[in-house]
Structure formats: C-alpha cells, structure tokens
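Reading through the structure tokens given below for one structure.
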Number of protein chains: 2
Amino acid sequence: MNILIVEDTKELAVELIDYLSKSGYICKWAATCESALEEAEVNQYDAMLLDLGLPDGSGFDVLKSVRKAKSKMAVIVITARGELDDKINGLELGADDYLTKPFALTELGARLYAVIRRIHGFAVNELDVHGFKIQLQDYKVSFKENPIALTKKEFDIFQYLVLNKNRVITRLQLTEHVWGDVLEVSSDSNFIDVHVRNLRKKLDKHASIEWFETVRNVGYRIIS
Amino acid sequence: MNILIVEDTKELAVELIDYLSKSGYICKWAATCESALEEAEVNQYDAMLLDLGLPDGSGFDVLKSVRKAKSKMAVIVITARGELDDKINGLELGADDYLTKPFALTELGARLYAVIRRIHGFAVNELDVHGFKIQLQDYKVSFKENPIALTKKEFDIFQYLVLNKNRVITRLQLTEHVWGDVLEVSSDSNFIDVHVRNLRKKLDKHASIEWFETVRNVGYRIIS
DNA sequence: CTTCAACAATCAGGATATTCATAGGAAAGT
DNA sequence: ACTTTCCTATGAATATCCTGATTGTTGAAG
C-alpha cells in the first residue's frame with residue numbers, strides 16, 4: 001500500500017513516514033500543493049494524508065483536483081484544531097476522513113486501514129491471481145489452501161505486480177515501490193532479477209506461471 | 001521521448017541520464033550554452049532540462065533562443081536555491097517549470113511527465129490505427145483483442161510512425177528517435193529496413209497493412 | 001518498350017545485450 | 001551464535017539486433 005503524505009512540516013512528516021513505514025506502508029512525501037498534485041497524477045497511491053495549511057495554497061484545492069481526476073485514492077484530511085469549521089466543507093468535497101492535530105499515530109493507523117478498505121472494497125485484504133491468494137495484512141500467500149513461504153521482498157514484489165496487473169512494471173518502479181528510495185541502491189545490479197527468480201521458483205512449484213511475463217528491455221508484467 | 005540535458009556538472013548529468021534512461025527517455029547531454037543551442041537546433045527534443053549556471057553564459061539566453069525558434073520543446077529550469085529571484089524572470093521567458101537544487105529524481109520525473117503531456121497535448125496512452133491498438137505505457141500492441149508480440153525496437157518504430165501518421169518519417173528521424181544517437185550507428189546500413197520488415201510481417205499476419213507505405217527515397221509513412 | 005541503376009525487401013547467421021540461474025558471503029533478525 | 005534473508009558476482013541461456021549478401025522493385029533514360 002502506497003501513501004502520499006502531503007504535509008509541509010518536516011518534523012511531522014518524518015514522524016508519519018517512520019510510523020507508517022513500520023506498519024508496512026510505502027510512503028512518499030510532498031511538501032507543497034504543486035508537488036502533491038503532480039505526484040498524485042503520475043503515481044498511483046492508495047491513500048493520501050492531506051494537511052490543509054500548505055505554503056502554496058490550501059489543501060482543499062488538492063482535494064478538489066484529486067476528486068476531479070476520479071482516482072480511487074482515499075483521502076484523510078489533517079487539520080489544526082482552529083480550522084475545525086472546514087470540517088463540513090471538507091467532507092462535502094470528498095475527504096474520506098478527518099483527523100485534528102494533535103492525534104495519536106495508532107488512531108491514524110486505524111483510520112487509514114478502515115478508509116483504504118472502504119475505498120478499495122472489502123477485497124482489499126486479499127488479492128487473487130490465477131488461484132494464488134495474497135493476504136495483504138499478514139504477508140501470507142497461498143495456493144489452494146497451501147501456504148507459500150515468501151520473504152518480505154518477494155512478497156512486496158509479488159503484491160506490487162499483482163496490484164498493477166496487466167501493466168508492465170519497470171525495475172525502476174519496483175525499486176521505488178519496494179525499496180522506497182532509488183538512490184540508496186546501486187543501479188547496475190541484478191538484485192531484482194534475483195528476487196523475481198526466487199519468487200517465480202516458489203510460485204512455479206504450485207502451478208504454471210506463464211502469466212508472469214518478462215518484458216524484455218522494460219520490466220515484468222502479470223497478466224490476468 | 002527525447003530529453004536534452006543542459007548541465008555543466010558532470011556528476012549530476014550522469015545521475016540524471018541514468019535515471020531518465022531507465023524511465024524510458026532517450027537522453028542527450030550538453031555542458032555549455034553553445035552546444036545546447038546547437039543540439040536544440042539540429043535535433044528535435046521533447047523537453048530540455050536547463051541548468052542556469054553554465055560556464056559560457058546564462059541558461060536564460062538558451063531559453064530565450066529556444067523560445068524564439070518556436071519549437072514545441074518543454075523546458076524545465078534547474079536553479080540553485082540562491083538564484084530563486086530568477087524565478088519570476090524565468091517564467092516570463094517561457095520556462096514550463098522550475099526545480100530548485102537539490103531535488104528528488106522522482107520529483108523531476110513527475111514534472112517532466114506532466115510538462116511533456118501539457119506541451120504535446122496528449123494525455124494519450126493508447127493509439128489506434130486501422131484496428132491496431134498501441135498501449136504506450138504498457139508496451140502492448142493488439143489487433144482486436146489479439147496481442148501481438150513486438151520487440152522493443154519494433155514497438156518504438158511503430159509507435160513513432162503512428163504518432164506521426166500521415167507524415168513521411170525518414171530513416172534518419174527514426175534512428176534519432178528510436179536509437180537516440182545517430183553517430184553511434186553506421187549510416188550505410190539497412191537495419192531500419194530490417195526492423196520495418198519484421199514489424200510489417202507481424203502486423204500483416206492480422207490484417208492488410210497497405211496503409212503502411214514506403215516512400216521511395218524518403219522513408220516510411222502510415223496513413224489513416 | 002527495354003534497359004539500367006538506384007533503391008527497397010528479404011533472409012540467414014553471427015554479434016550483442018538482456019535475462020536467467022546459481023552460489024557464496026554480507027547483513028539482518030532471532 | 002544461529003538462521004534467514006538479501007545482495008553481489010559470475011557464467012549460461014536466450015532474445016534481440018545488426019551485418020552483408022542476394023533478390024526484387026521502381027522509375028527514368030535511351
């Protein structure tokens with residue numbers, strides 16, 4: 001699950017990222033309306049945490065644009081206590097939930113979970129491809145009741161490819177979404193290939209995986 | 001998509017090229033105003049990344065010249081934080097967007113995508129010709145639900161011809177846009193003809209391709 | 001109408017580049 | 001300290017690309 005955090009206070013942003021990363025989310029930080037909109041346009045996020053008071057405009061505009069684009073992203077708005085009047089306004093615009101600062105991180109976690117589930121539909125806990133069942137919550141994969149032991153990276157890769165099924169995912173995208181930061185990783189390495197191979201090997205024991213394609217020169221794609 | 005990177009710091013340039021190449025762009029590097037202008041004049045680029053502090057003059061002059069030439073190139077200016085006052089000046093001159101160093105590569109990617117889209121006017125990720133569907137993002141081509149397996153070069157050639165349909169595209173243009181650098185490739189070769197043939201062969205299996213013309217002495221053209 | 005020269009199409013193999021496969025050591029977790 | 005997971009390094013396998021020779025086509029000149 002990918003979260004876009006729109007928050008100009010660096011301290012809070014770092015805190016959120018820290019907490020949510022540990023909860024298994026992949027986080028991206030945007031500090032301005034502009035960068036938030038661009039991010040939302042280019043990449044696909046499951047949810048956005050949106051602070052209203054941004055340096056280059058109101059978060060409401062971001063919310064409006066996002067909803068106009070009809071993306072399936074869940075939006076949780078974060079307000080300071082003084083801005084409570086916005087509450088009505090915001091819900092009308094299509095925010096999925098509200099939090100007033102200060103808030104407990106566990107509270108945020110709970111709402112995030114609920115909201116994502118609601119938006120994605122109840123199937124969000126479980127993805128299915130060709131008989132393989134992916135349980136997102138507890139990092140479990142199984143094929144017809146037979147559990148398959150995947151490492152975290154393998155799971156993350158599998159999950160991301162399945163979430164984006166029928167689209168080619170480049171190695172760069174995988175590094176971004178599974179590792180979070182591209183720069184930390186040496187570029188001319190084949191570590192993704194290795195993980196993909198190990199993943200394939202484990203899946204292949206249970207059933208044919210011809211739907212797990214390699215697109216030469218581009219990346220990988222899972223077809224359903 | 002072709003990007004001209006105008007940046008005198010070799011390290012940064014290499015980093016940019018590395019990242020953008022992996023994102024599917026074809027990159028060319030110019031380290032000075034002079035070479036930048038020359039490049040922009042000779043070849044056609046979809047976007048330019050322009051650093052302002054260049055050894056032989058200000059990047060603004062490059063920007064001015066480029067805009068004077070009325071090319072459809074998107075320009076993203078890169079400034080150091082101290083040069084922020086230039087911002088107004090630059091936007092007036094016709095830069096499409098700004099980035100202040102240091103910036104995240106993904107941020108750059110997002111803006112580049114947005115800017116190119118705006119300039120070119122195509123939010124298109126699907127092209128259609130005579131029943132053939134080209135999905136640009138996913139590197140997929142199909143004819144009436146039947147997928148067609150193309151290699152990357154074949155795909156690139158097909159895509160470029162369709163993007164420029166009803167126009168004759170020379171072999172030189174194709175080498176520039178598909179291979180990026182003309183000089184690396186020996187000129188008196190028929191490798192394009194070969195790729196075109198292979199492409200045609202694959203397409204022809206599904207339907208007549210009389211609309212895929214050869215224009216003698218000039219190049220190829222797809223008519224719609 | 002025929003000939004000729006320039007150009008394009010075709011084909012097969014060898015050269016190149018990318019991905020697959022495997023193993024071993026580093027790092028992280030228990 | 002032990003186990004698991006992750007990354008690096010290497011060679012093998014394979015898909016793609018390019019070369020070069022050959023055949024086919026076009027259009028202009030005679």
Side-chain angles (χ1 to χ4, degrees), chain A residues 21-22 24 139-141 147-161 168-172 174-175 177-205 209-210 212-222, chain B residues 18 21-22 24 26 139 141 147-159 161 168-172 174-175 177-205 209-210 212-222:
Chain A
S21 297
K22 281 177 184 160
Y139 281 88
K140 279 181 180 167
V141 173
I148 305 171
L150 298 185
T151 72
K152 183 152 189 306
K153 297 295 182 208
E154 288 160 10
F155 183 90
D156 286 345
I157 289 171
F158 192 31
Q159 167 193 347
Y160 191 63
L161 287 175
V168 182
I169 300 300
T170 66
R171 289 178 176 73
L172 187 65
L174 277 175
T175 45
H177 283 264
V178 174
W179 279 261
D181 196 341
V182 189
L183 301 179
E184 287 177 4
V185 180
S186 88
S187 57
D188 54 346
S189 169
N190 65 339
F191 61 99
I192 289 194
D193 300 46
V194 173
H195 283 297
V196 166
R197 171 182 134 72
N198 292 335
L199 170 59
R200 275 175 162 159
K201 205 168 159 188
K202 289 180 182 177
L203 298 180
D204 196 42
K205 278 190 178 176
I209 52 166
E210 62 209 347
F212 194 148
E213 299 181 340
T214 300
V215 181
R216 197 166 229 263
N217 258 309
V218 190
Y220 297 99
R221 168 175 52 200
I222 282 180
Chain B
D18 190 47
S21 299
K22 283 182 181 156
I26 294 164
Y139 285 89
V141 174
I148 305 171
L150 299 185
T151 72
K152 188 149 187 300
K153 298 292 183 213
E154 288 159 10
F155 184 90
D156 287 345
I157 289 172
F158 193 31
Q159 165 190 348
L161 287 175
V168 183
I169 300 301
T170 66
R171 288 178 176 74
L172 187 63
L174 276 176
T175 44
H177 280 263
V178 175
W179 279 261
D181 199 339
V182 190
L183 303 178
E184 285 178 5
V185 180
S186 85
S187 57
D188 55 345
S189 168
N190 66 337
F191 61 100
I192 288 195
D193 300 46
V194 173
H195 281 295
V196 167
R197 171 185 134 72
N198 293 334
L199 170 59
R200 275 174 162 159
K201 204 168 160 188
K202 289 181 182 176
L203 297 180
D204 196 42
K205 277 192 178 174
I209 52 166
E210 62 209 346
F212 194 148
E213 300 180 341
T214 300
V215 181
R216 198 162 224 266
N217 269 314
V218 190
Y220 297 98
R221 169 175 53 196
I222 282 180

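For clarity, every value in this text was computed on a predicted model and none was experimentally measured. Each chain gets a letter, A, B and so on, in the order the sequences are listed, and its residues count up from 1.
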About how many Å separate [atom2] of [Y] and [atom1] of [X], when rounded to the nearest 0.5 Å?
| X | Y | atom1 | atom2 | value |
| --- | --- | --- | --- | --- |
| B/F212 | B/I222 | CZ | CD1 | 4.5 Å |
| A/Q159 | A/L150 | CD | CG | 11.0 Å |
| A/L174 | A/W179 | CG | CH2 | 7.0 Å |

[X] [atom1] - [N] [atom2] separation (whole Å):
| X | N | atom1 | atom2 | result |
| --- | --- | --- | --- | --- |
| B/E154 | D/dC17 | CD | P | 6 Å |
| A/D156 | D/dT5 | CG | P | 13 Å |
| A/I192 | D/dA9 | CD1 | P | 16 Å |
| A/L199 | D/dC6 | CG | P | 11 Å |
| B/L150 | D/dC17 | CG | P | 10 Å |
| A/D193 | D/dG11 | CG | P | 17 Å |
| A/R171 | D/dC7 | CZ | P | 15 Å |
| A/F155 | D/dC6 | CZ | P | 13 Å |

Segment of DNA chain C, first to last nucleotide, that comes within the 4.0 Å heavy-atom reach of chain B =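 With heavy atoms of chain B under 4.0 Å away, the range is C/dA6 to C/dC11.
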Do the side chains of B/Y220 and B/T170 get nearer than 4.5 Å, heavy atoms only?
->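 Contact flag for B/T170/B/Y220 side chains = no.
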Think [X] has a side-chain N or O under 4.0 angstrom from the OP1 or OP2 of [N]?
| X | N | value |
| --- | --- | --- |
| A/S189 | D/dC7 | no |
| B/W179 | D/dC17 | no |
| A/T151 | D/dT4 | no |

Walking DNA chain C from its 5' end, the first of B/T214 and A/V194 to be reached, judged by nearest nucleotide, is B/T214
B/V196 near the nucleic acid: base, sugar-phosphate alone, or nothing, with a heavy-atom cut-off under 4.0 Å?
-> nothing
Among D/dA9, D/dC18, D/dC7, which nucleotide sits nearest the side chain of A/N190?
->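 Output: D/dA9.
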Donor-acceptor pair (no angle test) under 3.5 Å: A/N198 side chain, D/dT5 base |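 Between D/dT5 and A/N198, which were checked side chain against base, a qualifying N/O pair under 3.5 Å is absent.
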Taking N or O atoms only and anything under 3.5 Å, show me the protein contacts with nucleotides 23-30 of chain D, one pair per line.
unit_1, atom_1, unit_2, atom_2, d
D/dT25, O2, B/R216, NH2, 3.3

Does one side chain, of B/S189 or B/R171, offer a donor that lies under 3.5 Å from an acceptor on the other?
-> no
Is the shortest side-chain N to carboxylate O distance from B/D193 to B/R197 below 4.0 Å?
->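 Answer for the salt bridge query: no.
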Specify the angle, to 10°, made by the local axes at the two ends of the helix from C/dC1-D/dG30 to C/dT30-D/dA1 when five pairs are taken at each end.
->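 That helix gives 30° between its end axes.
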